[in-house]
Amino acid sequence: MSGAEVLVVLSVISSVIAIIDKSRQLYEAAHNAEGLHEAFRKVAITVPLVHTTLKEAEQALKTELARSRGMAQTEAIDRSATEVKPVFEACKVNVEALHDIFEQVVPVDEDTRVERYKKVLSIIFPGKKKKVEELMKEILEKLQLLHTYHFFRTAVSDMGLEDAIKELDAVEPSLPDDEGGKYVNTGSGPQNIHEGSGEQYNNTISGGERNVQYVAKSQTFGGPGH
């Protein structure tokens with residue numbers, strides 16, 4: 001190793017910062033958007049903290065690499081960089097998701113904003129949905145992990161990450177837990193969902209106005225002959 005892994009991590013950090021910079025106008029617009037859920041504003045307020053923490057981490061890593069003397073020390077830094085890379089990669093995924101959500105939700109009319117939000121979540125997260133406050137909380141929790149590495153400790157120790165996490169925990173969910181896109185059928189066929197403990201019998205119809213989605217605790221459906 002010769003610092004190559006450090007350079008890779010620095011590149012990831014730089015890309016996350018660039019995404020935040022690109023999203024700056026969206027986050028600023030969220031402060032004054034009429035009817036926007038408070039969770040969006042709380043996330044927007046927290047973005048500068050993430051940006052500053054990433055900049056501090058970036059500088060700390062550059063400084064540590066510049067101070068390294070000898071192959072053994074450089075290799076040790078590279079090993080640490082390899083270990084923390086997933087932290088920054090996870091931050092990048094969430095920052096990209098937040099950018100896409102804010103881009104699609106903030107500018108639209110207040111009357112259609114909630115439905116647009118649900119639709120965007122179903123596209124970005126086709127499985128388990130993550131609301132904006134959850135995405136930001138994950139970013140902060142990932143950044144908190146950096147304090148376990150000595151050359152990041154100063155960069156993150158006094159940044160207020162813990163307080164920001166508590167504030168996000170206290171905010172009202174941007175969608176109820178059962179409305180985060182849990183049941184989304186984007187195709188043309190029916191979707192039958194059974195949440196209960198009993199048996200489920202489904203005989204569905206293709207086409208027509210009876211081709212719908214059912215959500216129930218127990219279901220028994222019949223086809224045309226029932």
Side-chain angles (χ1 to χ4, degrees), residues 15-55 88-144 159-188 190-191 193 195 209 211-217:
S15 66
V16 180
I17 293 172
I19 296 168
I20 293 176
D21 287 337
K22 182 178 68 172
S23 309
R24 191 177 300 275
Q25 288 185 334
L26 290 170
Y27 296 128
E28 290 175 353
H31 290 295
N32 301 314
E34 186 176 352
L36 187 65
H37 194 283
E38 181 61 24
F40 279 79
R41 293 193 176 89
K42 183 63 68 176
V43 168
I45 291 171
T46 310
V47 168
L49 171 61
V50 174
H51 188 276
T52 301
T53 304
L54 288 168
K55 293 290 287 186
F88 296 113
E89 289 175 334
C91 287
K92 182 178 180 180
V93 170
N94 282 21
V95 166
E96 287 176 333
L98 284 172
H99 170 81
D100 291 344
I101 293 169
F102 272 69
E103 185 177 47
Q104 294 294 321
V105 174
V106 173
V108 302
D109 293 336
E110 180 181 350
D111 293 341
T112 61
R113 193 172 278 141
V114 172
E115 291 307 314
R116 175 66 67 88
Y117 182 29
K118 293 178 184 179
K119 182 177 180 180
V120 172
L121 289 183
S122 71
I123 294 172
I124 297 176
F125 303 106
K128 177 177 172 55
K129 310 300 181 292
K130 295 181 182 179
K131 299 183 277 288
V132 290
E133 63 273 20
E134 294 170 339
L135 289 166
M136 178 55 76
K137 182 181 176 182
E138 284 185 2
I139 292 171
L140 297 174
E141 288 173 340
K142 292 296 184 182
L143 292 176
Q144 270 193 317
M159 296 304 294
L161 297 173
E162 183 63 34
D163 289 341
I165 290 172
K166 290 178 181 178
E167 289 181 11
L168 285 169
D169 278 335
V171 75
E172 182 182 348
S174 55
L175 284 176
D177 289 337
D178 60 347
E179 290 189 29
K182 185 178 179 182
Y183 307 121
V184 178
N185 183 11
T186 58
S188 58
Q191 182 180 24
I193 300 163
E195 292 185 330
E209 57 184 24
N211 184 20
V212 296
Q213 170 180 290
Y214 296 91
V215 180
K217 295 301 180 182

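The basis for the numbers below is simple: all heavy atoms, side chains too, and nothing from hydrogens, waters or symmetry mates.
When every heavy atom of Ile124 is checked against every heavy atom of Ala97, the shortest pair comes out as CD1-O, 4.0 Å. Residues Leu168 and Val171 share a closest heavy-atom pair of O-CG1, 3.0 Å. Taking all atoms of both residues into account, the shortest heavy-atom contact from Tyr27 to Ala44 is O-CB, 3.5 Å. Nearest heavy-atom pair across Lys130 and Leu121 is O-CD2, 3.3 Å. The two atoms that bring Ile165 and Lys137 nearest to each other are CG2-CE, 4.0 Å, heavy atoms only. For the residue pair Ile101 and Val132, the shortest heavy atom distance occurs at CG2-CG1, 3.6 Å.
Note that NE2 of His51 is 6.0 Å distant from CD1 of Ile20, once rounded to the nearest 0.5 Å. Interatomic distance, CG of Leu140 versus OG1 of Thr53, reported as 8.0 Å (0.5 Å rounding). Annotation: the span from Thr46 atom OG1 to Ile139 atom CD1 amounts to 9.5 Å, rounded to 0.5 Å.
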(message) Determine whether Val93 and Leu135 satisfy the following criterion, side-chain contact (heavy atoms from CB on, under 4.5 Å), listing intermediate values before the conclusion.
(response) CA-CA 9 Å; Val93 170; Leu135 289 166; over 6 Å; no
(message) Run the side-chain contact (heavy atoms from CB on, under 4.5 Å) test on Val50 and Met136 for me, step by step, so that the C-alpha distance in whole Å, both residues' side-chain angles and the decisive distance to 0.1 Å come before the verdict.
(response) CA-CA 9 Å; Val50 174; Met136 178 55 76; 3.6 Å; yes
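Ion pairing between Lys42 and Glu167 holds under the 4.0 Å rule for side-chain N and carboxylate O. Arg24 and Asp21 are joined by a salt bridge, as a carboxylate oxygen and a charged side-chain nitrogen come within less than 4.0 angstrom of each other.
Summarising the local packing, CD of Glu89 is surrounded by more than 12 heavy atoms from other residues, nucleotides or ligands at distances under 6.0 Å.
With contacts defined as side-chain heavy-atom distances shorter than 4.5 Å, the pair Val114/Leu175 qualifies. With a 4.5 Å cut-off on side-chain heavy atoms, Val47 and Val95 do not count as touching.
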Can you give each donor-acceptor pair under 3.5 Å made by side-chain atoms of residues 30-39, sequence neighbours left out, with the distance rounded to 0.1 Å?
unit_1, atom_1, unit_2, atom_2, d
His37, ND1, Ala39, N, 2.9
His37, NE2, Pro173, O, 3.0

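A search for ring pair (Phe, Tyr, Trp, His ring centres under 6.0 Å) contacts involving Tyr117 returns Phe40, not counting sequence neighbours.
Residue pairs meeting the salt bridge (Lys or Arg N to Asp or Glu O under 4.0 Å) criterion with at least one partner in residues 90-102, sequence neighbours excluded, do not occur; the list is empty.
Looking only at distances, no side-chain donor or acceptor of Thr52 sits under 3.5 Å from a matching main-chain atom of Leu49.
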